[in-house]
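First up is the structure itself, then whatever we jot down about it.
The figures here come from the full heavy-atom set of this structure, side chains too, leaving out hydrogens, waters and symmetry mates. First the proteins, then the strands, lettered A, B, ... as listed; each starts at 1. Remember, predicted model here, so these are calculated numbers, not experimental data.
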There are 2 protein chains.
Amino acid sequence: MIENYLLEELVTFQRMGTLKKTAAHLAVTQPTVTRGMQKLEDGLGVKLFDRHPNRLELTAAGELAAKEAAAVLRRQELMVNRVQNFVAQNQALTIGAVVPGPLIILKRLAGAPLFNHQVDERLVEPERVPEELTDDRLGMVFTTTDLTGPDLISQPLGVEHLFVNLDRFLPQANQTAVSFKDLAGLSFVVLDDIGAWKDVIGKEIEDAHFMCQDERDAMDEITRYSSFPHFTTNVTAADPSYHPVPANNRVERSIKGPKAELTIYVTVKRQRQTQVQPLVDRLKTAWAKLPTTPTTGGTNVLK
Amino acid sequence: MIENYLLEELVTFQRMGTLKKTAAHLAVTQPTVTRGMQKLEDGLGVKLFDRHPNRLELTAAGELAAKEAAAVLRRQELMVNRVQNFVAQNQALTIGAVVPGPLIILKRLAGAPLFNHQVDERLVEPERVPEELTDDRLGMVFTTTDLTGPDLISQPLGVEHLFVNLDRFLPQANQTAVSFKDLAGLSFVVLDDIGAWKDVIGKEIEDAHFMCQDERDAMDEITRYSSFPHFTTNVTAADPSYHPVPANNRVERSIKGPKAELTIYVTVKRQRQTQVQPLVDRLKTAWAKLPTTPTTGGTNVLK
DNA sequence: AAGGCTTACGTGGGACGTAAAGATA
DNA sequence: TATCTTTACGTCCCACGTAAGCCTT
């Protein structure tokens with residue numbers, strides 16, 4: 001069997017160019033590498049080097065072998081990472097999401113530490129979710145699609161409803177619920193980290209302008225001292241930390257239509273389902289208590 | 001560094017269930033495997049086994065590690081195969097094709113053995129061509145599309161023209177070239193191994209029936225003692241072995257339109273281009289001498 | 001008992017380093 | 001002469017086998 005230290009020597013040689021540098025780089029002596037490469041050629045039954053008395057050169061087969069060896073070593077590295085991540089997830093589940101809402105609910109449960117977990121605040125690109133779960137970099141992800149498959153399983157947690165916060169003097173504020181069409185052409189202040197919601201508003205609202213803010217504080221400033229509309233959801237609205245100073249010149253309105261809703265799923269590796277089920281059940285209970293329509297008061301002056 | 005023999009022991013244990021059987025299967029003693037698995041756990045820093053005094057059981061992490069280890073070993077196996085295939089291709093290029101025509105031209109060059117090669121008669125599925133070349137199971141493939149990319153390079157060899165052989169009493173035989181529409185509704189005898197041509201005739205001729213023959217001899221029988229039309233090309237028509245007994249009740253006709261032509265490319269790994277260029281040039285020369293229209297005589301009686 | 005895993009101990013192969021030689025440029 | 005590779009030789013490590021012990025079923 002060809003052992004990996006030989007592959008590592010070959011890969012290093014390809015980068016370094018000489019056996020001497022290779023040896024130095026691997027902190028061994030030159031004869032060690034000489035013998036290693038001889039052994040590798042022997043093991044493969046393939047001539048990997050053109051030998052000039054003073055210089056060693058990779059043959060075409062040697063170049064290929066070095067590339068392949070690098071791939072083999074990467075695969076082994078991946079194995080180590082996956083296994084180590086897996087056990088780390090058993091000790092403290094790392095939880096991610098493609099939209100921020102579910103993480104807010106999760107934090108509200110933190111007082112009852114039913115579960116040892118940590119939260120990865122950076123939102124995940126939806127297409128990377130399977131990879132993150134497979135590699136156990138994340139142990140649980142809140143997604144907006146059902147990713148159930150041979151390795152993963154998704155279960156619905158609840159529905160998140162999009163609200164828009166409008167200046168109370170705007171004519172659109174004069175209805176309990178607005179449609180995306182009513183919002184066409186407006187300029188909105190939005191947070192950067194809203195994940196999939198960005199796609200929703202970007203696609204559904206025509207001719208709109210979005211002023212992105214990556215800081216929550218800056219966002220609060222602007223909403224307080226301007227009349228630009230902004231978005232919330234039934235989840236963020238229920239978040240106590242989200243309205244440190246309520247912008248009382250605005251009214252919160254539902255947005256009509258199925259496109260203004262996202263079904264949130266809890267997605268985990270099948271393997272982990274029993275491990276996380278208690279937490280999932282707590283989340284479902286908490287989610288069920290959320291309102292589905294704006295609760296904050298504020299009536300339109302025109303009404 | 002974790003060496004592969006440890007991974008092999010783990011994989012074997014997952015299959016065998018006990019260290020004893022594992023040891024027997026690997027032709028080593030039991031303590032060797034015990035120590036190996038301890039070393040692997042140590043190297044990964046992960047507990048892979050639940051230890052009962054009399055029984056060893058994989059933990060969830062152990063199951064995952066075993067699966068991953070199998071993948072690592074497969075990757076290494078792939079490396080070995082690729083490298084060994086590569087050198088084999090340098091000694092004797094194995095040549096494949098997605099349509100049989102170019103192989104006929106190739107064989108006609110065999111008298112002038114400019115090149116040490118062998119031919120793989122089984123046609124390749126077009127979508128498998130990149131894989132076959134990357135793995136060096138084939139060193140050169142005749143394709144009908146340009147697969148030029150970072151690793152592969154295609155160069156056009158020539159165009160193969162489809163002919164149809166019609167009973168001379170058929171009205172369609174009364175023109176020097178027919179269209180696919182003229183052939184609608186007919187029943188044809190066709191060889192199985194015609195690769196991409198099958199897609200062409202299947203798509204372009206409406207309501208046609210195809211009687212597939214996997215044997216060249218059976219095909220010849222049928223064409224001789226029946227009047228079913230069949231197909232040839234400017235390449236097969238030039239093949240001396242293809243008309244052992246010319247079916248003289250038929251006339252060979254061109255088919256009109258670009259769909260009745262296939263551009264044939266020679267596709268190789270970039271790396272191999274200089275190696276094969278002399279052969280490719282010979283093939284191009286030979287191809288250029290082919291007719292583009294039917295040469296065999298035979299006039300329609302109605303003419 | 002019987003079966004299976006682990007520990008203890010001694011050994012041998014092989015991977016390593018040191019030293020020296022060979023071959024360019 | 002300087003640089004790089006290879007061969008030769010001695011050493012030490014470590015993977016292995018043998019033997020014994022331990023715990024279940």
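Atom NE2 in A/H25 sits about 16 Å away from atom P in D/dC4, given to the nearest Å. Separating the CG atom of A/L19 from the C1' atom of C/dC16 is a distance of 16 Å, rounded to the nearest angstrom. One atom, CE of B/M37, and another, P of D/dA15, lie 12 Å apart when rounded to the nearest Å. Rounded to an integer number of Å, the gap from NZ of A/K39 to C1' of C/dG13 is 10 Å. Computed from coordinates, the A/L40 CG to C/dG14 P distance equals 17 Å when rounded to whole Å. To the nearest angstrom, C1' of D/dC16 lies 16 Å from CD of B/E3. Per the geometry, CG belonging to B/N4 stands 16 Å off C1' belonging to D/dA15, to the nearest Å. A/D42 places its CG atom 12 Å from the P atom of C/dG14, with the value rounded to the nearest Å.
Atom NZ of A/K21 is surrounded by 12 or fewer heavy atoms from other residues, nucleotides or ligands within 6.0 Å.
With respect to B/K269 and B/D135, no salt bridge is recorded, no charged nitrogen being found less than 4.0 Å from a carboxylate O. B/E121 has a carboxylate O that lies under 4.0 Å from a charged side-chain N of B/K107, or vice versa, which qualifies the two as a salt bridge. Ion pairing of A/R55 with A/E57 is present here, as a side-chain N (NZ or NE/NH1/NH2) and a carboxylate O approach within less than 4.0 Å. Between B/D120 and B/R137 no salt bridge is recorded (no basic side-chain N to carboxylate O distance below 4.0 Å).
The shortest distance between the side-chain N/O atoms of B/K20 and the OP1/OP2 oxygens of C/dC5 is not below 4.0 Å. Under 4.0 angstrom from either OP1 or OP2 of C/dC5 there lies no side-chain N or O belonging to B/Q38.
Expressed to the nearest 0.5 Å, how far CZ of B/R74 lies from CG of B/N81 amounts to 13.0 Å.
At the heavy-atom level, B/T34 lies under 4.0 Å from base atoms of the strands shown.
Residues B/R75 and B/R82 come closest through the heavy atom pair NH2-NH1, 3.9 Å.
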What nitrogen or oxygen pairs link the protein and nucleotides 17-21 of chain D at under 3.5 Å?
{"from": "D/dG17", "atom 1": "OP2", "to": "B/T29", "atom 2": "N", "distance (Å)": "3.1"}
{"from": "D/dG17", "atom 1": "OP2", "to": "B/T29", "atom 2": "OG1", "distance (Å)": "2.8"}
{"from": "D/dG17", "atom 1": "OP2", "to": "B/T32", "atom 2": "OG1", "distance (Å)": "2.5"}
{"from": "D/dG17", "atom 1": "N7", "to": "B/R35", "atom 2": "NH2", "distance (Å)": "3.1"}
{"from": "D/dG17", "atom 1": "O6", "to": "B/R35", "atom 2": "NH1", "distance (Å)": "2.9"}

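Within residues 45-68 of chain A, the residues that have a heavy atom under 4.0 Å from DNA chain D are, in order of number, A/R51, A/P53, A/N54, A/L56.
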### Task
Please test B/V99 against B/V235 for side-chain contact (heavy atoms from CB on, under 4.5 Å), starting from the C-alpha separation and ending with a verdict.
CA-CA 11 Å; B/V99 286; B/V235 175; over 6 Å; no

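Side-chain atoms of B/D281 and B/Q277 include a donor-acceptor pair closer than 3.5 Å.
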